[in-house]
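First the structure, in the form of structure tokens, and then the observations on it.
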2 protein chains.
Amino acid sequence: MSKKQLIMESALELFAQQGFDATSVQQITEHAGISKGAFYLSFKSKDELINGLIDHFMLSLISDIDQVVKNHETDANLLYEFYQAAFHSFQKHSDFAKIFIKEQSKTLNEELISKIHQYDKLIDNIILGMLDRIYGEEISQTRYDLIYCVKGFIHTYSHLILFFDVPLDLHTLSRSLAEKTALLAKHSETTFITEELYHTINEPFHVHVTKEQLLEMVEQKIEEVDDSTLEESLTLLKQQMIEPSLSPAIVKGLILNLNNSPACKQIAFLIQGCLGV
Amino acid sequence: MSKKQLIMESALELFAQQGFDATSVQQITEHAGISKGAFYLSFKSKDELINGLIDHFMLSLISDIDQVVKNHETDANLLYEFYQAAFHSFQKHSDFAKIFIKEQSKTLNEELISKIHQYDKLIDNIILGMLDRIYGEEISQTRYDLIYCVKGFIHTYSHLILFFDVPLDLHTLSRSLAEKTALLAKHSETTFITEELYHTINEPFHVHVTKEQLLEMVEQKIEEVDDSTLEESLTLLKQQMIEPSLSPAIVKGLILNLNNSPACKQIAFLIQGCLGV
DNA sequence: TATACTAATGACTGATTGGTCATTTGTCAA
DNA sequence: TTGACAAATGACCAATCAGTCATTAGTATA
């Protein structure tokens, strides 16, 4: 495990317990068994660490959900699968999820708030795509309202999953929420969040990872992975981003390779967006 | 305005902008135009101030909602009125609502977390009472699930109200959420939060304000109020709490007097509970 | 072994914090 | 005008913080 990862894992644990502000760099380095100076060899500042954590786990969550929504053929169970994926991802990264719920829109930098807002919009788009696919024209009036309902459901029930040590039946929960969402989608008539209102609210934010940033991330990932298939796939896709030469089928296949590895799902999602597949 | 109130208002504004940790006592006192020493004449510590703010505004919110639910005769529009009351209360105390949403279950003292949990349970009970009153046996299987849905709705839509400077139509919002809640209450069948699960989760917490604490609060309130009717009502009710002598009708009337004043609604709610009216 | 290099350390700095307390200021009745 | 008391002040303290840097430890090459 690289030093960066070690620090991130130690920090994550402490942040989940105590929050960002209440956790000192000293504590993190002690918990990781390294010196304070070593921390600043891996991260320029505490803020950079927080930034990195948010990027890492938000992308993980988003790519988890996105993959399920994209790869699910029969729309019948899609809602159920969506909720399953979301809650499983929360459970898998429960430390980060705790931070995300607790510190959401706290007193962070402008930069961080904007970043979180961007990820939030990504999630909105995934949910919207899913709803449109299932219900189509049927929900043309209420689709934006439904996004907020779905996010409301996830938020409240996440509390249970994260902050109580009770064994929960995620299957029943997902089934229950799928039922509720379907009810709202089929019978809800009053519209509160019109398309206009939705866009007014989200106007100033645009999602964007520059190609340069992404290339850098790919390079870093190449050094991290052990599997040769993954390494090769990443290298080829990096080349493709610099100078397209491969056929679409090959590119899709390479991205699938990455999607099969939990460690590469996130970067797969980004490459996918960059190459427009 | 008493010094205590001045400090609380100044602190509230800064807390809403920056959060608890990021706001120093120095900043608060500068903003209030007093010295640092003067702060500690009114509050034993920064924590005591935070405690006071939470008590003050949570009670305000809860008594606002409770009054609407209790006093609404026709159950037809009750859901709508409930959401209206909740969002109006949020809008009225938007500074505090922001803090409440932002710092919810952050890294506060054990004491504070428990306190917030207690208020949360109070809200649960009000919602549950309302739902039972409207739907009765019809929702016997899903009543606890419905609480979480209602709270989920309020949470997500509160974000819009609090963090975007868009003029919002609370009437339409409340109507929309009333419709959605009714849909779920009437047609939802899958139960996730069973009665047993609900009680397991909330077991260790019990709401309690001791009579002594309440008497002290009443005394303080007597000194604060200007109106003679309010002062008299408070004094009589205080006597009643120490040694019951008035008829139930008089007690009810006195509480109504308090309910008519925004400044006394909260303490009215507590006295009501203490006297079992 | 000697040299050159990087990785890692932790004492240190300057800034900021919550909270204290000797001192000053303001306000009464005598 | 005086003296007694309460209200208010802000310099001060110890603790803690993020971040730095001179120094040391470890390692690979010659």
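In what follows, every heavy atom counts, from backbone to side chain, and hydrogens, waters and symmetry copies are set aside. Naming: A, B, ... by sequence-line order, numbering from 1 per chain.
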query: Roughly how far apart are A:Ser158 OG and A:Phe153 CZ, rounded to 0.5 Å?
result: 12.5 Å
query: How many Å lie between OH on A:Tyr40 and C1' on C:dT13, as a whole number?
result: 13 Å
- prompt: Atom CD1 of A:Ile34 and atom P of D:dT24: how far apart are they, to the nearest Å?
  reply: 21 Å
- request: For the side chain of A:Leu41, starting at C-beta, report the closest nucleotide among D:dA8, C:dG10, C:dA7.
  value: C:dA7
task: Return the minimal non-hydrogen interatomic distance between A:Gly19 and A:Thr23, and the atom names on each side.
output: O-OG1, 2.8 Å
- prompt: Tell me: CG of B:Leu6 to C1' of D:dA8, nearest whole Å?
  reply: 14 Å
message: Both B:Ser45 and A:Ala38 contact DNA chain C. Which one's nearest nucleotide lies toward the 5' end?
response: A:Ala38
task: Check the distance between D:dG19's P and A:Lys46's NZ and give it to me in whole angstrom.
output: 8 Å
statement: What one should report as the nearest heavy-atom pair of A:Gln240 and A:Ser245 is OE1-N, 2.9 Å
- prompt: Within the distance-only criterion (no hydrogens, no angle test), does the side chain of A:Gln27 pair as donor or acceptor with the backbone N or O of A:Ser24 below 3.5 angstrom?
  reply: yes
- prompt: Parallel, tilted or perpendicular: which describes the rings of A:Phe87 and A:Phe90, with under 30° parallel and over 60° perpendicular?
  reply: perpendicular
query: Just checking A:Lys36: base, sugar-phosphate only, or nothing, at a heavy-atom cut-off of under 4.0 Å?
result: base
- prompt: Can you list, by residue number, the residues of residues 23-33 of chain A that have a non-hydrogen atom closer than 4.0 angstrom to DNA chain C?
  reply: none
- request: Using whole Å, report how far CG of A:Asp21 lies from P of D:dT16.
  value: 16 Å
- prompt: Between A:Lys151 and A:Tyr148, is NZ or CZ placed under 6.0 angstrom from the six-membered ring centre and within 45° of the ring axis?
  reply: yes
query: When the distance from CD1 of B:Ile50 to C1' of C:dT17 is rounded to whole Å, what number comes out?
result: 14 Å
field: Worked check of side chain to side chain contact (heavy atoms under 4.5 Å, CB included) between A:Met58 and A:Leu122
entry: CA-CA 10 Å; A:Met58 282 307 283; A:Leu122 268 179; over 6 Å; no
- prompt: Taking atom P of C:dT20 as reference, at what distance in whole Å does atom CZ of B:Phe43 sit?
  reply: 15 Å
- request: Using atom CZ of A:Phe39 as one end and atom C1' of D:dA18 as the other, report the distance to the nearest whole Å.
  value: 9 Å
